[in-house]
Protein chains: 2
Amino acid sequence: MATKIKRTRKRRALELFDSTLDYGLLSELTGFAIKRANVIDFASFGNTLDDKTVTPLRFSMLNLIGCNPGLQQVQLADALGLSRSATTVTIDYWDERGCVERRSDPADRRSYGIYLTDEGRTRLDRIAGLVAAHDKKFTENLTRAELVELRRLLAKLYMR
Amino acid sequence: MATKIKRTRKRRALELFDSTLDYGLLSELTGFAIKRANVIDFASFGNTLDDKTVTPLRFSMLNLIGCNPGLQQVQLADALGLSRSATTVTIDYWDERGCVERRSDPADRRSYGIYLTDEGRTRLDRIAGLVAAHDKKFTENLTRAELVELRRLLAKLYMR
DNA sequence: TATTGTTATACTCTATAACTATA
DNA sequence: TATAGTTATAGAGTATAACAATA
């Protein structure tokens with residue numbers, strides 16, 4: 001009997017460009033090649049964690065809070081390139097799960113300092129281990145030297 | 001007087017990592033570096049076109065239809081890594097604007113062949129020119145050799 | 001007046017599931 | 001039974017605008 005292959009998101013991502021179609025301009029765009037790498041990375045990110053609601057963005061936020069305790073929400077927004085409202089909902093996500101807390105700042109009562117709770121620290125440490133392993137797997141086809149070169153070239157794209 | 005700088009999406013994207021914050025694990029992740037490049041690319045994509053509703057995904061779809069007239073929706077879905085439902089709504093977008101048409105396939109009345117209209121061809125040609133220029137600008141900091149190398153390294157990430 | 005944060009609202013992207021028509 | 005396409009629904013990501021509290 002023919003095996004039924006489930007068309008998961010990851011499978012779809014990997015099959016991109018596997019066909020015999022003409023991609024025209026798309027195949028020449030570096031932006032599209034980067035997007036494609038990003039799609040593959042994010043698709044397998046989900047399989048790394050048991051809780052599918054922990055997305056790359058949410059992880060990034062928790063990680064940043066863990067590394068820089070006490071930042072204001074505007075600072076977190078700037079650091080991740082988010083609007084204030086997007087930042088609010090992302091922090092809400094972790095707040096609702098008891099992983100971060102908003103402490104009022106007595107010196108400026110408009111703002112809060114954002115801190116990890118003990119629960120948040122435990123969660124972050126666990127997730128970070130899985131994410132690091134995921135990224136290692138993602139880049140396993142590249143040698144150490146190639147990886148360094150890739151990072152250098154990507155960095156040149158940001159320079160303005 | 002101090003100039004008020006509007007915090008556009010593109011500006012936010014470019015400022016990522018400009019701060020003195022500790023990004024911890026994030027700064028070591030190749031996946032994050034790729035995401036960042038992708039964010040910058042997409043943020044400026046919007047500024048390239050006057051019609052902000054023409055997104056990278058929608059452009060990709062129109063381009064693919066233009067290069068491969070008569071494909072079924074399932075084939076377009078596979079080619080872009082989309083679910084059938086996501087494909088439907090993306091084609092709907094162009095259909096509503098008179099740029100593509102669904103022609104019933106007499107040989108298999110469940111499916112359609114998707115084709116560009118004259119209007120779609122005109123639009124595609126115009127947009128493609130802008131997108132090509134956008135990608136050239138995006139990669140302007142890299143030499144020709146560096147660009148080739150970047151594409152080679154990205155391709156290694158997809159290999160499985 | 002300007003800034004911090006929240007809420008309301010909206011649009012894009014994307015999926016799964018249920019459904020219709022057809023194979 | 002399986003496949004092509006649509007529709008309903010939902011969650012994630014993201015923005016702008018309006019608002020309250022505070023500076």
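In what follows, chains are A, B, ... by sequence order, proteins preceding strands, each numbered from 1.
In this entry the distance linking CG of Leu71(B) with C1' of dG5(D) reads 15 Å, nearest Å. Following rounding to the nearest Å, Gln75(A) (CD) and dT3(C) (C1') show an atom-to-atom distance of 13 Å. The distance from atom CZ of Phe45(B) to atom C1' of dA15(D) is 18 Å, rounded to the nearest whole Å. Computed from coordinates, the Leu82(A) CG to dA12(D) C1' distance equals 13 Å when rounded to whole Å. Atom CG in Leu76(A) sits roughly 9 Å away from atom P in dG5(C) (whole-Å rounding). The nearest whole Å value for the distance from the CG atom in Leu49(B) to the P atom in dT12(C) is 14 Å. Summarising the geometry, the separation between CD on Glu101(B) and P on dG5(D) is reported as 15 Å, rounded to the nearest angstrom. In this structure, Lys35(B) atom NZ and dA12(D) atom C1' are separated by 11 Å, rounded to whole Å.
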Discussion item. Does Val54(B) form a side-chain contact (heavy atoms from CB on, under 4.5 Å) with Tyr93(B)? I'd like the steps, not just the answer.
Written reply: CA-CA 10 Å; Val54(B) 179; Tyr93(B) 172 88; 3.7 Å; yes
Practice prompt. In sequence, state the C-alpha distance, the side-chain angles, and the governing distance for Ile34(A) and Ile34(B), and then conclude on side-chain contact (heavy atoms from CB on, under 4.5 Å).
Written response: CA-CA 7 Å; Ile34(A) 287 173; Ile34(B) 288 174; 4.0 Å; yes
Practice prompt. Apply side-chain contact (heavy atoms from CB on, under 4.5 Å) to the pair Ile127(B) and Asn63(B), showing each step before the final yes or no.
Written response: CA-CA 9 Å; Ile127(B) 298 170; Asn63(B) 174 76; over 6 Å; no
Worksheet entry | Pair Leu124(A)-Leu116(A), side-chain contact (heavy atoms from CB on, under 4.5 Å): steps then yes or no | CA-CA 9 Å; Leu124(A) 174 57; Leu116(A) 236 49; 3.8 Å; yes
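With sequence neighbours excluded, no residue forms a side-chain hydrogen bond (donor to acceptor under 3.5 Å, both in side chains) with Thr55(B). Applying the side-chain hydrogen bond (donor to acceptor under 3.5 Å, both in side chains) rule to Thr30(A) yields no partners; only residues at least two apart in sequence or on another chain are considered.
Side-chain contact check for Gln72(A) and Ser111(A): at least one donor-acceptor pair (N or O, by modelled atom type) lies under 3.5 Å. Between the side chains of Ser60(A) and Tyr23(B), no donor-acceptor pair of N or O atoms lies under 3.5 Å. A side-chain donor-acceptor contact under 3.5 Å links Asp41(B) and His134(B).
Thr143(A) places a side-chain N or O within 3.5 Å of a backbone atom of Glu146(A) that can act as its donor or acceptor partner. Between the side chain of Arg152(A) and the main chain of Leu147(A), no donor-acceptor pair closer than 3.5 Å is present. A donor-acceptor contact shorter than 3.5 Å is absent between the side chain of Arg121(B) and the backbone of Thr117(B). Looking only at distances, no side-chain donor or acceptor of Arg102(A) sits under 3.5 Å from a matching main-chain atom of Asp95(A). Asn68(B) contributes a side-chain N or O that, together with a main-chain N or O of Leu64(B), makes up a donor-acceptor pair within less than 3.5 Å.
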Under 3.5 Å between N/O atoms: give me all the protein pairs with nucleotides 20-23 of chain C, atom names plus distance.
unit_1  : atom_1 : unit_2    : atom_2 : d
dA23(C) : OP1    : Arg109(B) : N      : 2.8

Dump every N/O contact between nucleotides 6-9 of chain C and the protein below 3.5 Å, one line per pair.
unit_1 : atom_1 : unit_2    : atom_2 : d
dT6(C) : OP1    : Arg102(A) : NE     : 3.1
dT6(C) : OP2    : Gln73(A)  : OE1    : 3.2
dT6(C) : OP2    : Gln73(A)  : NE2    : 2.7
dT6(C) : OP2    : Thr88(A)  : OG1    : 3.0
dT6(C) : OP2    : Arg102(A) : NH2    : 3.4

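Contact check, Ser111(A) against dT4(C): no side-chain N or O comes under 4.0 Å of OP1 or OP2.
The stretch residues 51-67 of chain A has no heavy atom under 4.0 angstrom from DNA chain C at all.
Note on the helix from dT1(C)-dA23(D) to dA23(C)-dT1(D): angle between the axes of the first and last five pairs equals 10°, rounded to 10 degrees.
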